[in-house]
There are 2 protein chains.
Amino acid sequence: MDVKPLRYFSEVARHNSFTRAAEALHVAQPAVSMAIRKLEAELELTLFHRQDRRVSLTDEGSRLLGHAHRILQAVSDAQLEMEELRGLSRGEVRVGIPSMLGSYYFPPILMAFRHRHPNLKLSVVEAGTGSLQQMLEAGSLDLAVIVAEQVPDELEACSFLREQMMVTVAREHPFARQADITLADFFAQELVMFPQGYFHRRVVDRLASASGWTPEIGFETSLLPLIKSIVTQGFGISTLLEMVLRDDPDLVAVPFSEPVWLDLSIAWRRDGYLSRANRAFVDFVLEQAGTEKS
Amino acid sequence: MDVKPLRYFSEVARHNSFTRAAEALHVAQPAVSMAIRKLEAELELTLFHRQDRRVSLTDEGSRLLGHAHRILQAVSDAQLEMEELRGLSRGEVRVGIPSMLGSYYFPPILMAFRHRHPNLKLSVVEAGTGSLQQMLEAGSLDLAVIVAEQVPDELEACSFLREQMMVTVAREHPFARQADITLADFFAQELVMFPQGYFHRRVVDRLASASGWTPEIGFETSLLPLIKSIVTQGFGISTLLEMVLRDDPDLVAVPFSEPVWLDLSIAWRRDGYLSRANRAFVDFVLEQAGTEKS
DNA sequence: ATACTCCTTATCAATATGATAAGAGACTCT
DNA sequence: AGAGTCTCTTATCATATTGATAAGGAGTAT
C-alpha cells in the first residue's frame, strides 16, 4: 500500500471519476485506472463500483477512504514540517553564552537573529565557560560561546571575535593614568573576579601561574554589574573585555603591558550533527562578526 | 515521500545501523543506503549523522521519525482493516425480512450465519415487502427478502425458496376436510389479512383481481401470531406459507385447487455493489436453501 | 599490522510507472 | 435509429525506480 496509489484513490473517490481525478492529479487517465486496478489487486477487494460511466465507492472502498485520508494527512504533515525545518521557519537553537558576552555583545545579535528567523525557537543559557562545556558535552546545549584557547578535543570551535582583556580600574585609580599595566602591578592589587569555571577567572589564573604570582581575590561574583560597581567605587580592580568598558564613563580600561587577547569562539560537539537552525545561528554569528569588523 | 523509504528510515533509526535495518527488512544493505540517501535528497535535509561507523539521527531526523511512525501506523491500520474486510472478520450485513419469513424460516439461518462469521455486524429489519423495497432503493438496506414475481427492474434478485401458499383454517372449519379450496370458496369467507404493502396481501389481492372476486377482510394485522390466533378461534380464515403451519396442531393447511407457489428471493440494488459481507450472506442463504432441499 | 565491520559507490537486471494510441460500452441529441 | 461524445479499459512502449552483486574505503579491534 503506497502513497501515490492512495492519493489517486482518494482523488477518484472525491470526483467519482477517473478522468476528473487524472486531471486533478496531472497524469494521464489510464495511469489512474492502472493504479486503482493494482491497488484493488493488492488488497483483493473491489474499491470502486464501475457502472456504465458512473463510478462510485464500494463499501470496502469507503472504509479505505478514511484510512487514505489519514495517511495522506500524515504524509502532508511530515512534508510540511520537513519543509519548515529546511526553510528555518521551524527549529530550535540552544546556545550557551558566558555572562560577559551575554550582557554586552550578544543581545543585539540575538535580536537580529530572531528578526531574521522569527519562527525559530531560541533558548539562551547564560553560564560560565565550564558549565557551558559540560552542558554541551551532555547534549543539553547545541552551541556555546567559549574562549578559543581552551577548546577540548571533542568540541569543534569557530572563532568569531578577537577581543582584548583590559585591566579595569576606577577613574581615580593610579593605574588609570598609565599606558599599560604589568602583571606584577596587576597582581599586587586586590582583585574582583568571576568565580571558578568562568573564562574570566581561568584567564587570570593562567596569567598568574605563568608569571608566578598569586592573585589576591577580595571579591568573587558572577554578576558583572556588581563587579563594575565595586571597581568603580575603588574597592578593587579587575580585568574585563574591552567591549564591556567601551561605554562606561566611570571605568578606565588599560591594556596589560603584554596585551592579552582572547579568541571568542562558538563551539559544538565535534561528533554531533548541527541542525539547520543551529548551523544558521553559527553562520549568522560569523557573518555579524565579519560585517562588524569591516 | 513514500512508504517504503519511510519504513527503511524508521528501521535504521530503530537500530542505529544500516546493516541491522537491512537485515530486519530482508533487503540488501546498499538498498537501504540508497533509499535513505534519496529520502534525504528529496527533503533536502540530513536525517542521519554518519560518524565513523556510528549512525545516529539528526535533529531533523528525529522530527521526521515521529511522522514516520504515524504514517506507518496509519498504513498498517488500513491494511489490517482491508484484510479484515477481505476475510469477513469485519463488515456489516443489513438485510430486511418480511414478518412471515422472519419468524419462521430465517431465525436458524441468521443464527448459523452469525456462527460462521462471528465478527460481521448483522442488522435485520422486519417489515412488509413494500417498505423493504423502498428501503432497499433508498440505500438504507443492502439486502431484502422479497417475493420473486414482483421484482422491480432496478433490483437484482436471486430465488432461494419455492413455497406454497396454503389456505389456513381452524381444525373445526368445514374447509379442513377438503383436499383443496377453490378461489370462489376462499373469497366467500371472511379473511384475516396482513395490511397493504405485505407480500401476503399482494398475493391475495392479485388472486382476487385475477378471478374477479372481492376479498372480504374482517381483520387486518401485521402480527402473524394474532392472525393465527384469530383463525384458530374460527373468526376468519387466511392463507399462509406452508412453513408457518407445519408445526401448528390447531391449524389446518389446505392447498388452493390451483396451487399458489411463491418464489422467495433475496434481492439487492442492481446498480449497487454488494460488499463482501453482503455477498457472503447471499451465498450463505442460497447454500442453506440448497442443502435443505437435498 | 591484519582482519573485520560497516557504509558507500558502481553496475546491471528486473520491475514499475506513465504516456500515447486504440477500443468498447453507454448515453444523448438530432 | 444512428452519429457523436463521454468515460473507462487495454495494449504498447519508453523511462525511471528499485534492489542485488561486487568492489572500495574508512575506522576499529585483536
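Chain identifiers are assigned alphabetically (A, B, ...) following the order of the sequence lines, protein sequences preceding nucleic acid strands; residue numbering begins at 1 within each chain.
Separating the CG atom of Leu25(B) from the P atom of dT18(D) is a distance of 15 Å, rounded to the nearest angstrom. With rounding to whole Å, Arg7(B) atom CZ is found 15 Å from dT18(D) atom C1'. Taking atom CD on Glu23(B) and atom P on dT5(C), their separation rounds to 12 Å, with Å as the unit. Whole-Å rounding puts the Phe48(A) CZ to dC8(D) C1' distance at 13 Å. Distance Leu47(A) CG to dC8(D) P: 15 Å, rounded to the nearest Å. The nearest whole Å value for the distance from the CZ atom in Arg20(B) to the C1' atom in dT5(C) is 10 Å. As rounded to whole Å, 14 Å separates atom P of dC8(D) from atom CD of Glu11(A). As rounded to whole Å, 15 Å separates atom C1' of dA16(D) from atom CD of Glu42(B).
Between dT9(C) and Arg37(B), a contact under 4.0 Å exists linking OP1 or OP2 to a side-chain N or O. Of the side-chain N and O atoms in Ser17(A), none sit less than 4.0 angstrom from OP1 or OP2 of dT7(D).
In this structure, Ser33(B) reaches the bases: a heavy-atom distance under 4.0 Å links it to at least one base atom across the strands shown. Among the heavy atoms of the strands, none lies under 4.0 Å from Val32(A).
Side-chain atoms of Arg94(B) do not come within 3.5 Å of backbone N or O of Leu122(B) as any donor-acceptor pair. Ser275(B) contributes no side-chain N or O that, together with a main-chain N or O of Asp59(A), makes up a donor-acceptor pair within less than 3.5 Å.
Between the side chains of Ser123(A) and Glu92(A), at least one donor N or O sits under 3.5 Å from an acceptor N or O. With no hydrogens or angles considered, no side-chain donor-acceptor pair links Glu23(B) and Thr19(B) at under 3.5 Å.
Residues meeting the salt bridge (charged side-chain N to carboxylate O under 4.0 Å, His left out) test with Glu83(B), sequence neighbours left out: none.
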Mind listing the N/O atom pairs, protein and nucleotides 28-30 of chain D, below 3.5 Å?
residue : atom : partner  : partner atom : Å
dT28(D) : OP1  : Asp52(B) : OD2          : 3.4
dT28(D) : O4'  : Arg53(B) : NH1          : 3.2

Summarise how protein sits on nucleotides 18-24 of chain C as a single string, 5' to 3': B when a protein heavy atom is under 4.0 Å from the base, S for sugar-phosphate-only contact, - for no contact.
SSBB---
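For the atom pair Arg90(A) CZ and Met82(A) CE, the distance stands at 8.5 Å (nearest 0.5 Å).
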N/O donor to acceptor pairs below 3.5 angstrom from side-chain atoms of residues 5-13 of chain A, sequence neighbours left out:
residue  : atom : partner  : partner atom : Å
Glu11(A) : OE1  : His15(A) : ND1          : 3.4
Glu11(A) : OE2  : Arg14(A) : NE           : 3.4

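Residue pairs meeting the ring pair (Phe, Tyr, Trp, His ring centres under 6.0 Å) criterion with at least one partner in residues 117-144 of chain B, sequence neighbours excluded, are Phe113(B)-His117(B). Legend: salt bridge (charged side-chain N to carboxylate O under 4.0 Å, His left out) pairs involving residues 26-46 of chain B, not counting sequence neighbours, sorted by first then second residue: Glu40(B)-Arg50(B).
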